[in-house]
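Here is the structure we will look at.
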Protein chains: 2
Amino acid sequence: MTAHVSPASTGAPDHAEPRWLDAGEQRAWRAWVYSAQLLTDRLDRELTHATGISHAYYEILVALSEEPERRMRMSELADRCLSSRSRLSHAVSRLEERGWVRRQVCPEDGRGQLAVLTDEGFAALEAAAPVHVESVRTHLFDQLSPAQVEAMRDFGEALLRHLDPTQIRGLD
Amino acid sequence: MTAHVSPASTGAPDHAEPRWLDAGEQRAWRAWVYSAQLLTDRLDRELTHATGISHAYYEILVALSEEPERRMRMSELADRCLSSRSRLSHAVSRLEERGWVRRQVCPEDGRGQLAVLTDEGFAALEAAAPVHVESVRTHLFDQLSPAQVEAMRDFGEALLRHLDPTQIRGLD
DNA sequence: GTAGCGTAGTTGAAGGCGCAACTATTCCGC
DNA sequence: GCGGAATAGTTGCGCCTTCAACTACGCTAC
């Protein structure tokens, strides 16, 4: 997967010999990729089928629901949801069609837009939340020892510090 | 994220009170979701931009390259790549257009198809592999202590046992 | 041998997403 | 206060993925 079309050369390197993975690393890597993909797929699928809300949309609703007035600037929301501006804009348009979010020009900045969670949107979120938490319990926490949960957190936070230091806050 | 539209009730449950996450679980969960998404996005992006091969396509090429004759039944390949049949079928069509894979009817079963990696496909994979392994090193292994790598493996394998026991083999 | 069922794989339509181009507004220096 | 650069957000297009319908072949029983 990361070391199969491999070495054989040890002579003059083009750009330095790639740092191939050894067997142990390979195994750890595959365990990570597979489990991450299977878990995200599973959670998304269960949520979508039970509630009609994809995980991506769910996260938007959650982010808005956590704000004081249930409203948020588009770009802040995009950052919070690890989404591109474009993607968020498309998504908010769909959520508007469902009547769960509406847009509102930002008073302080005429360029800006606020996404506002409607009561219907909040209700949809309330209905979906128990389904989601149950999936997360079943497929994640119930499968791990407390020590593994702790390891997962450390590990996740280590990656986060590298990949996006700004996201470290907000881990309530 | 999983416990914000929350309790307040403790009386007669509709279907039993949801098992909300406590603060520690919440934090571990968020660290996991964010890091998993950021890492997969980053790896996919770097690979795609540097080589024109998405991570999904890369995995198909890798799977084929690991087979004795660089060929594999479509459904087996789909399982190996955690892909639906449909998705794989579409993807193989695109890879055929690039001349990296070709289809071949399966001799033993007239219903079946074999996906075969061409020499051009193998060459493309050889070119992409060093880029990919470097990304994985930089964004994953370089950020973790040996103990964390081990924890990641245990943790990933625990989830795998639950989510898809058939994938446990193949972690070379 | 053929009816009926199960399996393998493909296809087309619909929706999600990234990218690049675009509009609208604000900020800054003068 | 005005011109140009920077910022906020949207939009259209194309690719990817899903879902459901479909074709084609194999298997079993009668």
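Within every chain, numbering begins at 1; the chains are lettered A, B, ... in the order of the sequence lines, protein sequences first and strands thereafter. Note that the coordinates shown come from a computational prediction; the quantities given were computed from them, not determined experimentally.
Whole-Å rounding puts the Asp41(B) CG to dC19(C) P distance at 10 Å. Atom-to-atom, CD of Glu108(A) to P of dG9(D) comes out at 12 Å; the value is rounded to the nearest Å. The nearest whole Å value for the distance from the CD1 atom in Ile60(B) to the P atom in dC16(D) is 10 Å. Residue His49(B) contributes atom NE2, which lies 10 Å from atom P of dG18(C) at whole-angstrom precision. Distance, Leu77(A) CG to dA8(D) P: 14 Å, rounded to whole Å. Atom-to-atom, CG of Leu95(B) to P of dC15(D) comes out at 14 Å; the value is rounded to the nearest Å.
Counting only residues at least two apart or on different chains, the side-chain hydrogen bond (donor to acceptor under 3.5 Å, both in side chains) pairs with a member in residues 86-95 of chain B are Ser93(B)-Arg103(B). Within the structure, every pair that satisfies the salt bridge (Lys or Arg N to Asp or Glu O under 4.0 Å) test and touches residues 31-44 of chain A, not counting sequence neighbours, is listed here: Arg42(A)-Glu46(A).
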Side-chain atoms of residues 69-78 of chain A: list all donor-acceptor pairs with protein atoms under 3.5 Å, sequence neighbours left out, distances to 0.1 Å.
from     : atom 1 : to        : atom 2 : distance (Å)
Arg71(A) : NE     : Glu69(A)  : O      : 3.4
Arg71(A) : NH1    : Gln104(A) : OE1    : 3.2

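Each of Ser83(B) and Gly110(B) lies near DNA chain D, and the nucleotide nearest Ser83(B) is the one positioned closer to the 5' end. The 5' end of DNA chain C is approached more closely, in terms of each residue's nearest nucleotide, by Arg94(A) than by the other of Arg94(A) and Arg45(B).
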In 5'-to-3' order, the base (B), backbone-only (S) or no-contact (-) status of each nucleotide in nucleotides 2-14 of chain C, using a 4.0 angstrom heavy-atom cut-off, is ----BBSSBBB--
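One N or O on the side chain of Arg137(A) and one on the backbone of Trp20(B) form a donor-acceptor pair closer than 3.5 Å.
For Glu67(B), there are no salt bridge (Lys or Arg N to Asp or Glu O under 4.0 Å) partners two or more places apart in sequence or in a different chain. For the side chain to side chain contact (heavy atoms under 4.5 Å, CB included) test, residues two or more places apart in sequence or in another chain that qualify with Ala36(B) are Trp32(A), Trp32(B).
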